[in-house]
Amino acid sequence: MKNIVILISGTGSNMSAIVQRAKTQNWQARFNARVALVLSSTPNAKGLVWAKEHGLPAQVVDHRAFKEAPNPRSAFEAQLIQAIDPLEPHLVVLAGFMRILSPETTRHYEGRMMNIHPSLLPAFTGLNTHQRALDAGCKFAGATVHWVSEELDAGNIIDQAVVPILQTDDEHSLALRVLRAEHQLYPRVIEEHLKR
Ligand code: GAR
C-alpha cells in the first residue's frame, strides 16, 4: 500500500480536495494508494475536524508543546517523524503546513515530500505572497507544487497553476482565486505522481 501522509496547520482545504479526489478517482483500487494519516501542527486546525468527520486517521503534533525543550524545533520534528515513519510513507504532502522544517528533516524525506506554495515560484517565496504580487504590479499569480528541499520554497518545481490578477483585486480576492486553482492543481499532481 502506498501511504500518503498529509500535514496541515489550518483550514485544510487542500487536504480535503486531495482526499475527495482520492475517493472519486479511486486511488485505492487504481494505485494501491490511500491517505493514511492527517497530521496537524496545531490542535485547533479546522482541517482536523473535517478529517475526523470523514473517518480519516488524524493526529496533532502541537509545535507549542516543545517550547521548553532545549531545541524546540528538533523536538517537534522528532515527534512528527515518530508519527509519520511507522507508515513508511510513499508521499508526505505539505498542505498549508506553516512550520519551516530543518534540513535534517527535509533530507530525511527527500524525494518523498511535496509542498504547495501560493505563488508562481521562484517569485515570492515565504509569506504574504498575494499582497507582494499585487504590490509588484503582477498581471498573473498562481500556485506551485514543488519537491521540498533544504532551502525554503526552492525545491524542484513539479507543476504550477496560473490565474489572472484583476484590477479590482485585493489580497483576499486574489487569495481565493489562487486557492481554488490549488484545489485543482495539488490533487492532480499527486495523482500523476502515483501513476508513475
Ligand atoms: C494555501 O494557500 C497554501 O498554498 C498556503 O496556505 C494555504 C493553506 O490553505 N501554504 C503556504 O503558504 C505554505 N508556505 P488550506 O489550509 O485551506 O489548504
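Note that ligands are numbered from 1 as they come in the structure, with each ligand's atoms numbered from 1 the same way.
- The shortest heavy-atom distance from M98 to ligand 1 is under 4.0 Å.
- Any N or O atom pair closer than 3.5 Å counts here, and S13 shares at least one such pair with ligand 1.
- Taking a cut-off of under 4.0 Å to the non-hydrogen atoms of L179, the atoms of ligand 1 that pass are 1 (C), 2 (O), 9 (O).
- To the nearest 0.5 Å, atoms NE2 (H63) and CZ (F97) are separated by 9.0 Å.
- A side chain to side chain donor-acceptor pair (under 3.5 Å) with N3 is found for exactly one of R34, E88, H90, namely R34.
- Of the options P118, G96, G126, the smallest heavy-atom separation from atom 8 (C) of ligand 1 is shown by G96.
- In this structure, OH in Y186 is found 14.5 Å from CZ in R21, a value given to the nearest 0.5 Å.
- In this structure, T144 contributes its side chain and L121 its backbone to a donor-acceptor pair below 3.5 Å.
- Salt-bridge check for E110 with R107: failed, with every basic side-chain N at 4.0 Å or more from each acidic carboxylate O.
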Can S41 and M98 be said to form a side chain to side chain contact (heavy atoms under 4.5 Å, CB included), step by step?
-> CA-CA 8 Å; S41 62; M98 301 310 277; 5.9 Å; no

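- An N or O contact shorter than 3.5 Å links G12 to ligand 1 by distance.
- Between E182 and ligand 1, at least one pair of N/O atoms sits closer than 3.5 Å.
- When only non-hydrogen protein atoms are considered, atom 14 (N) of ligand 1 lies nearest to H117 ND1, 3.9 Å.
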